[in-house]
Structures are given as structure tokens and as C-alpha cells.
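Read the structure below first, then the notes.
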Amino acid sequence: MTKNEGKRNRQDERKLQKIASLYDTHNFWDTQPVPKSTDVVNLDDFDKPIDVEKTVEEIQEEPLQIPPGFQWCNVNIEDDNECKDVYDLLTQNYVEDDDAMFRFDYSIKFLQWALTPPGYKKDWLFGVRGGKKNKLFGFISGIPVHINVNGKSVLMAEINFLCVHRSLRTKKLAPVLIKEVTRRVNRYNIW
């Protein structure tokens with residue numbers, strides 16, 4: 001085998017590993033009612049609920065448990081100081097490219113506008129605080145939206161701005177935020 005052939009083999013092997021990683025299991029998403037990358041979707045799978053139907057009474061009233069030293073907090077997004085906490089978290093920890101050269105930088109006024117549509121629910125804008133300074137370490141938002149499904153308007157929730165401080169990314173806080181926002185939305189009989 002020549003040096004170039006060995007290099008090509010290693011490159012091919014890396015490509016195969018990358019493709020295989022697309023089919024890896026996902027500890028959180030594999031437990032959720034969303035299609036998996038390996039699922040086959042048939043015509044009779046359409047126009048049906050993706051989850052077992054429940055009632056509000058079946059949804060626990062109390063927030064989910066989180067690690068000691070942290071607590072749930074509703075964020076009053078209309079208050080400039082509280083909105084600045086969200087702004088700071090997002091500008092330092094939200095979406096970025098692989099080289100950390102590009103990052104979203106939403107203004108405080110934009111966040112206030114985007115998260116306070118008519119009928120918004122204050123308890124759908126929340127996060128996790130902790131530490132000596134009661135810092136905001138995680139945030140997620142939900143707003144009510146009307147979605148047209150087969151000609152029928154259905155009230156649903158749009159979830160956005162899921163963000164966890166990079167120092168807590170290994171603590172599995174994102175799945176807890178997702179489950180908590182789901183619980184809060186379900187308590188309004190929105191599925």
C-alpha cells in the first residue's frame with residue numbers, strides 16, 4: 001500500500017464514521033414523540049397525534065426537580081434588567097458556528113417583542129438560576145401560536161431560545177428545560 005492509498009483509506013474511514021454517527025442513539029430525543037432518523041413513515045401515520053392523549057389532570061402541578069443549588073425562575077421579559085439576563089446568556093452561549101466566529105445577537109427590545117405576543121403566558125418564559133449571584137444558567141421560552149392543520153386552526157406552543165450556559169452543558173439541563181416547558185404548556189391544555 002502506498003502512502004497516498006493509506007491516506008485515502010483513513011479519509012474514507014473518517015467519512016464512514018461521520019455517517020455512522022448520524023445514526024447514533026440520542027439519549028433524550030429517542031425518548032420523545034418525534035421521528036427518528038431511521039424511522040419509516042407510512043401514509044397511515046399522518047393526521048394522527050404523535051403522543052398518547054392526556055388530560056390536564058394527568059400532568060403534575062409542581063415543577064420538575066433540579067439539582068441542589070439551582071432553582072426555577074420565571075423571567076419577566078418586560079423588565080429590562082431581567083431581559084438583560086436573558087440577553088447576556090444568549091449572546092454568550094446561544095447558537096454559534098464551529099469556529100465560534102458567528103453568534104446570534106438579539107437586542108433586548110427584539111427579545112421583548114418576540115416573547116410577548118398577544119396572549120403570551122408569563123410562566124412559559126423561564127429559566128434556571130443559581131450560584132452566589134443568582135445567575136441565569138439556562139433559559140427556554142414558549143409562546144402561544146395558532147397553527148393551521150388541515151384547514152383547522154389549532155392552538156399550540158412555539159418553543160424557542162433553549163440555551164444552557166456552557167459551564168453546565170454536561171449536566172443534562174437542556175432535556176430538563178424541554179420537559180419542564182412541555183409540562184407548563186400541557187397545564188394549559190395545549191398539546
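Values reported hereafter were calculated over all heavy atoms of this structure, with side chains retained and with hydrogens, waters and symmetry mates removed. This chain uses plain numbering: 1 for the first residue, then up along the sequence.
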Between the side chain of [X] and the main-chain N/O of [Y], is any donor-acceptor distance below 3.5 Å?
X: Glu82; Y: Asn76; answer: yes
X: Asn93; Y: Arg166; answer: yes
X: Glu158; Y: Ile143; answer: no
X: Trp72; Y: Leu64; answer: yes
X: Arg169; Y: Val164; answer: yes
X: Asn42; Y: Asp44; answer: no
X: Asn186; Y: Ile190; answer: yes

Legend entry - Any residue meeting salt bridge (charged side-chain N to carboxylate O under 4.0 Å, His left out) with Arg183, in chain and number order, not counting sequence neighbours: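 Here the qualifying residues are Glu180.
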
Heavy-atom side-chain contact between [X] and [Y] under 4.5 Å:
X: Pro144; Y: Val185; result: no
X: Leu90; Y: Phe104; result: no
X: Val75; Y: Phe139; result: yes
X: Leu162; Y: Leu177; result: yes

Legend entry - His146 vs Val154, side-chain contact (heavy atoms from CB on, under 4.5 Å): CA-CA, chis, key distance, verdict: CA-CA 5 Å; His146 291 272; Val154 180; over 6 Å; no

Legend entry - Val128 and Leu136: CA distance, side-chain angles, deciding distance, side-chain contact (heavy atoms from CB on, under 4.5 Å) verdict: CA-CA 6 Å; Val128 172; Leu136 187 65; 6.0 Å; no

Which heavy atom in [X] sits nearest to a heavy atom in [Y], and how many Å separate them?
X: Leu125; Y: Gly142; value: CD2-O, 3.8 Å
X: Arg184; Y: Trp124; value: O-NE1, 3.5 Å
X: Leu115; Y: Ser141; value: CD2-OG, 3.4 Å
X: Gly130; Y: Phe70; value: CA-CD2, 3.9 Å
X: Lys135; Y: His165; value: NZ-NE2, 3.5 Å
X: Lys54; Y: Ile59; value: CD-CD1, 4.0 Å

Rounded to the nearest 0.5 Å, what separation is found between the [atom1] atom of [X] and the [atom2] atom of [Y]?
X: Ile77; Y: Asp79; atom1: CD1; atom2: CG; value: 9.5 Å
X: Lys179; Y: Ile140; atom1: NZ; atom2: CD1; value: 12.5 Å
X: Asn148; Y: Ser153; atom1: CG; atom2: OG; value: 6.5 Å

Within the 3.5 Å criterion, strictly below it, is a donor on [X] or [Y] matched to an acceptor on the partner's side chain?
X: Tyr87; Y: Gln92; answer: no
X: Asn189; Y: Trp191; answer: yes
X: Asn134; Y: Gln71; answer: yes

Inset, instruction - Evaluate the ring planes of Trp113 and Phe110, with Trp represented by its six-membered ring, and classify them as parallel (under 30°), tilted (30 to 60°) or perpendicular (over 60°). - result: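 The rings of Trp113 and Phe110 sit tilted, inter-plane angle from 30° to 60°.
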
Inset, instruction - Verify the cluster assignment for Val56 and Met156: are they in a single hydrophobic cluster under the rule of side-chain heavy atoms below 4.5 Å apart? - result: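 Different clusters.
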
Legend entry - CD/Glu58: more than 12 non-hydrogen atoms of other groups inside 6.0 Å: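 For Glu58, atom CD is crowded (more than 12 foreign heavy atoms under 6.0 Å).
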
Legend entry - Other residues, nucleotides, ligands: >12 heavy atoms within 6.0 Å of Glu61 CD: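 No, CD of Glu61 has 12 or fewer neighbouring heavy atoms, counting only those of other groups under 6.0 Å.
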
Inset, instruction - Given side-chain hydrogen bond (donor to acceptor under 3.5 Å, both in side chains), test Tyr188 with Asp123 step by step and report yes or no. - result: CA-CA 11 Å; Tyr188 283 86; Asp123 62 327; 2.9 Å; yes

Legend entry - Charged N-O contact under 4.0 Å between Asp88 and Lys84: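 A salt bridge links Asp88 with Lys84.
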
Legend entry - Test: Arg129 cationic atom under 6.0 Å from Phe137 six-membered ring centre, within 45° of axis: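 No, Arg129 and Phe137 do not form such a contact.
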
